[in-house]
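Take a look at the structure set out below.
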Number of protein chains: 2
Amino acid sequence: MPRAGLSPASVTEAGAALVDEIGFENLSMGLLAERLGVKTPSLYKHVASQADLAHRIAVLAMAELADAIRDATQGRSGKEALVAGAHAMRTYVAEHPGRYAAGNAAIITGPDDPLVPAIGRVLASWTAMLHGYRLDRDEEIHALRMLRSMLHGFSALEAIGSFQINTDVDDSFTWMLGFIDQGLKAKWPDLIPAH
Amino acid sequence: MPRAGLSPASVTEAGAALVDEIGFENLSMGLLAERLGVKTPSLYKHVASQADLAHRIAVLAMAELADAIRDATQGRSGKEALVAGAHAMRTYVAEHPGRYAAGNAAIITGPDDPLVPAIGRVLASWTAMLHGYRLDRDEEIHALRMLRSMLHGFSALEAIGSFQINTDVDDSFTWMLGFIDQGLKAKWPDLIPAH
DNA sequence: GCTAAAAGCTAATGGAATTAGCCAACCGAG
DNA sequence: CTCGGTTGGCTAATTCCATTAGCTTTTAGC
């Protein structure tokens, strides 16, 4: 039999595409092997285990997400950057729910886990964006955590269909970003009225 | 052999306790059976399947969470209610991560799924709390979604250990709630300056 | 062309969910 | 108090994966 031309990277990519279709929790080696036109045990020549595969998908996802956010916020600042970055993230999660789920399920295995720099790049993009609001050091950390919580939470709830009411979800997202922008602007030291 | 005195409710409760210890994704029928001093197949006399068990745990979790939030916000209003409710939720998730994960993984099976009223009670508590801010109808829905996103996201990120930096996470939580309170107050119609 | 590593395959193992079918324990009616 | 049906527990069997072992073929470099 001719070879299939697989590699750790191509298996990971196929796995990522698969989980986006069937959901991360339904990932199975058999299904992926079938997709690749290969028998299940052959996958073990490229990834160590299903857990390893899931971890590789997670790294891929975080790296892609970091790129998407960086590209979106590139050359923008203030509310424009916030909206563009947030939109990029929401779109990414909507289009790649399985990968994103893999990213969240992943556990950092050690200090040299490639997941660390990938997540670091995501955080760096948000931090750079927040710099435009000129918060002080602690507030910037709080704001970063708030932003991450909100975006992750929104995407997660949206992904599992938790927003039922008939008010448009896009409107809510836009409203939320406006709310954040206004609140952060109000913290500009220069603008705090001395009373 | 004397009987173990199990029931759907007691099996569910034991399952909930188990997932809080070992994590929802590690739930197995064998482990639960062992905990209950019974052989695996016996569990099927009380729950239909592992999926059924997970769903029951989800319902339990949402009901408990609804109670916790209701109790915390009872008799309070404004920022006090917001802080108390949010704190109750964060505490609940921290103490019962497995149950909460079950609640999020659950899928609503139909219009008479008991999960529906349970989630409804959670939302009702938040909505009641938000009424204190006197938003208009659409804004209240946006604010509700924002609040849910933020609290869910914060709890989820905290649960998987995503907040690394050495700034205190409690401080961030408190800061975030203050941020929300201030922003919502700023939307009081009475206070909007006519320009 | 020759050889060693890499990549597939088949067959076997082991664990977990689930089902079938058996038997003992409980509960209520007489 | 005992009889009979129902309930709840058990063992054994099935199935579905993930994973491993060991064999074979392709392929890259010489």
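Order of the sequence lines sets the chain letters (A, B, ...), proteins ahead of strands, with each chain counted from 1.
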Side chain of [X] only, heavy atoms from C-beta on: which candidate in [options] is closest?
X       : options                : value
A:Lys39 : C:dG8, D:dG9, C:dT10   : C:dT10
A:Ser42 : C:dA20, D:dG8, C:dG8   : C:dG8
B:Gln50 : D:dT11, C:dC9, C:dA17  : C:dA17
B:Met29 : C:dT10, C:dA17, D:dG8  : C:dA17
A:Tyr44 : D:dC10, D:dA18, C:dT19 : D:dA18

#### Entry: Any side-chain heavy-atom pair of B:Arg76 and B:Met129 under 4.5 Å
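Not touching, per the 4.5 Å side-chain cut-off.
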Over how many whole Å does the gap from [X] atom [atom1] to [N] atom [atom2] extend?
X       : N      : atom1 : atom2 : value
A:Leu31 : D:dC17 : CG    : C1'   : 12 Å
A:Leu36 : C:dG8  : CG    : P     : 9 Å
B:Asn26 : C:dA17 : CG    : C1'   : 16 Å
B:Glu25 : D:dA18 : CD    : P     : 17 Å
B:Leu43 : C:dA20 : CG    : P     : 17 Å
A:Leu32 : D:dC16 : CG    : P     : 20 Å
A:Glu34 : D:dC16 : CD    : P     : 14 Å
B:Leu6  : C:dA25 : CG    : P     : 16 Å

### Task
Establish, with yes or no, whether the OP1 or OP2 oxygen of C:dG8 is under 4.0 angstrom from a side-chain nitrogen or oxygen of A:His46.
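It does, given that an N or O in the side chain of A:His46 lies less than 4.0 Å from OP1 or OP2 of C:dG8.
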### Query
Do A:Arg3 and D:dT27 share a donor-acceptor pair, side chain to base, under 3.5 Å?
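Result: no qualifying N/O pair found.
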### Task
Look at the side chain of A:Lys45 and the base of C:dG8, then say whether one donor and one acceptor between them are separated by less than 3.5 Å.
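It does, because a donor-acceptor pair links the side chain of A:Lys45 to the base of C:dG8 below 3.5 Å.
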### Task
Assess whether atom CD1 of A:Ile107 is packed by more than 12 heavy atoms of other residues, nucleotides or ligands within 6.0 Å.
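Open: at most 12 neighbouring heavy atoms sit under 6.0 Å from CD1 of A:Ile107.
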### Task
Take atom CD of A:Glu21 as the centre, draw a 6.0 Å sphere, and report whether it contains more than 12 heavy atoms from other residues, nucleotides or ligands.
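Yes, CD of A:Glu21 has more than 12 neighbouring heavy atoms, counting only those of other groups under 6.0 Å.
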### Query
For A:Thr40, which contact category applies under a 4.0 Å heavy-atom criterion: base, sugar-phosphate, or nothing?
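It contacts base atoms.
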### Task
Using a 4.0 Å heavy-atom cut-off across all strands, classify B:Gly37 as base, sugar-phosphate, or nothing.
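Here B:Gly37 touches no strand at all.
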#### Entry: Ring-ring centroid check B:His96 B:Phe24, cutoff 6.0 Å
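Centroid separation for B:His96 and B:Phe24: 6.0 Å or greater.
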### Query
Under the ring pair (Phe, Tyr, Trp, His ring centres under 6.0 Å) criterion, do A:Phe173 and A:Phe154 qualify, and how do the steps go?
CA-CA 8 Å; A:Phe173 194 67; A:Phe154 196 95; 4.9 Å; yes
